[in-house]
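Because the structure is predicted, anything quoted here is derived from the model rather than measured.
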Amino acid sequence: RNFYRLNAKSIEHEHRNHMHAERVRGIDHSGDVHVRSYFGNSLAQGVMEFSNSHHHSGKNSDKNGGNSYELVIHLDGKAEGFNTIYEACMSEDRNEILLNYHIHDGRPDANLVGGGVTSECAPDVGSPPVGGHYDPTLACGAATGETENCGLLNRNGSQYDCTPETYNVNPWSCEVGDLSNKHGMLKFERQMDGDYLAERRQHDAYGALVNQLEGKSIVFHCGSPRVFCATLDIVDPSSRDFQEQNSM
């Protein structure tokens with residue numbers, strides 16, 4: 001889709017501007033790698049990209065600040081079954097769709113170009129299967145991917161209390177992969193042509209470094225059901241492949 005290509009290129013343009021500004025301030029990002037998910041399926045088109053956050057080293061600065069991510073995702077309002085799939089998370093006036101989104105262990109099947117939809121994102125499919133939320137710090141929500149370890153700690157999800165407010169006070173209260181509870185649900189707004197668009201740029205001070213996210217997946221939910229997903233793959237912004245992908 002031209003929409004997807006233009007916005008993916010726009011994200012890369014903004015990233016290059018950011019890298020230039022950081023170099024002026026003495027921080028070189030040229031060797032950084034990112035992780036990126038491409039969405040190009042029947043329900044969603046777009047891109048989501050994570051990078052390590054860097055802060056200028058100084059008297060009042062941190063050496064490293066978790067990660068930052070950017071996304072531009074477009075939902076085709078004319079897709080078959082669209083209203084049925086999104087009915088439960090659509091506003092009464094049908095102008096907004098709110099989705100939960102998380103980093104999950106595992107990944108959809110490698111032959112799914114552009115990610116998977118609905119049952120292709122199920123916890124019993126994929127290689128390895130798209131399991132629960134990425135939860136290396138054992139915050140242990142109901143959908144954690146660490147059920148065995150959480151069981152040893154007698155944490156069954158009932159103690160889980162993750163909101164933007166609790167995360168700001170105590171980052172260990174949230175699963176690392178629980179993006180929508182940490183940062184708020186993702187809002188898709190209806191466009192003039194009847195399609196829906198979401199854009200977000202987010203800094204996560206306690207987010208995982210990008211090398212820890214490779215091979216995991218991003219999953220979007222309408223309430224609880226999984227709607228669409230895609231694998232997080234490593235990309236190098238200085239590589240020829242990366243630049244060619246963003247010049248399409």
If you define the side chain from C-beta out and look only at heavy atoms, does anything of [X] sit under 4.5 Å from [Y]?
X      : Y      : answer
Leu197 : Glu189 : no
Leu153 : Cys150 : no
Ile97  : Leu75  : yes
Phe228 : Leu99  : yes
Arg226 : Thr118 : no
Ser37  : Val47  : no
Arg201 : Ser68  : no

Can you give me the closest heavy-atom contact between [X] and [Y], atom names plus distance?
X      : Y      : value
Ala208 : Leu213 : CB-CD2, 3.8 Å
Pro123 : Pro129 : O-CB, 3.3 Å
Gly66  : Leu209 : O-CD2, 3.9 Å
Cys174 : Ala139 : C-CB, 3.5 Å
Pro164 : Gly184 : CG-N, 4.1 Å
Asp93  : Ser91  : OD1-OG, 2.6 Å

As an exercise, state the distance from [atom1] of [X] to [atom2] of [Y], rounded to the nearest 0.5 Å.
X      : Y      : atom1 : atom2 : result
Glu49  : Ile218 : CD    : CD1   : 12.0 Å
Leu186 : Glu199 : CG    : CD    : 10.0 Å
Asn211 : Phe50  : CG    : CZ    : 13.5 Å
Asp195 : Asp76  : CG    : CG    : 5.0 Å
Asn100 : Cys222 : CG    : SG    : 8.5 Å
Lys187 : Met185 : NZ    : CE    : 11.0 Å

Answer yes or no: is there a donor N or O on one side and an acceptor on the other, between the side chain of [X] and the main chain of [Y], under 3.5 Å?
X      : Y      : answer
Thr137 : Trp172 : no
Thr144 : Thr147 : no
His104 : Val130 : no
Asp109 : Asn111 : no
Gln212 : Val210 : no

Evaluation steps, side chain to side chain contact (heavy atoms under 4.5 Å, CB included), between Cys162 and Lys182 = CA-CA 7 Å; Cys162 176; Lys182 292 196 292 185; 4.0 Å; yes
task = Return the orientation label for the His221 and His133 ring planes: parallel under 30°, perpendicular over 60°, tilted otherwise.
result = perpendicular
ask   = Which pairs, with at least one residue in residues 152-181 and sequence neighbours excluded, count as a salt bridge (charged side-chain N to carboxylate O under 4.0 Å, His left out)?
value = none
Are [X] and [Y] grouped together when hydrophobic residues (ILVMFWY) are joined by side-chain heavy atoms under 4.5 angstrom apart?
X      : Y      : result
Phe188 : Met48  : yes
Tyr167 : Tyr160 : no
Ile103 : Leu138 : no
Leu112 : Val219 : no

Output all residues satisfying side-chain contact (heavy atoms from CB on, under 4.5 Å) with [X], sequence neighbours left out; order by chain, then residue number.
X      : result
Thr231 : Arg107, Pro108, Asp233
Arg190 : Arg94, Asn95, Tyr196
Ile85  : Leu43, Val227
Asp105 : Tyr134, Lys216

key: Modelled atom types, side-chain donor and acceptor of Tyr69 and His34, under 3.5 Å   = no
inquiry  = Counting the benzene-type ring for Trp, do His203 and His183 have ring centres under 6.0 Å apart?
reply    = no
message = Give me each pair satisfying side chain to side chain donor-acceptor pair (under 3.5 Å) with a member in residues 119-130, each pair once, sequence neighbours excluded.
response = none
Test side chain to side chain contact (heavy atoms under 4.5 Å, CB included) applied to Glu80 and Ser42, step by step = CA-CA 8 Å; Glu80 183 178 355; Ser42 60; over 6 Å; no
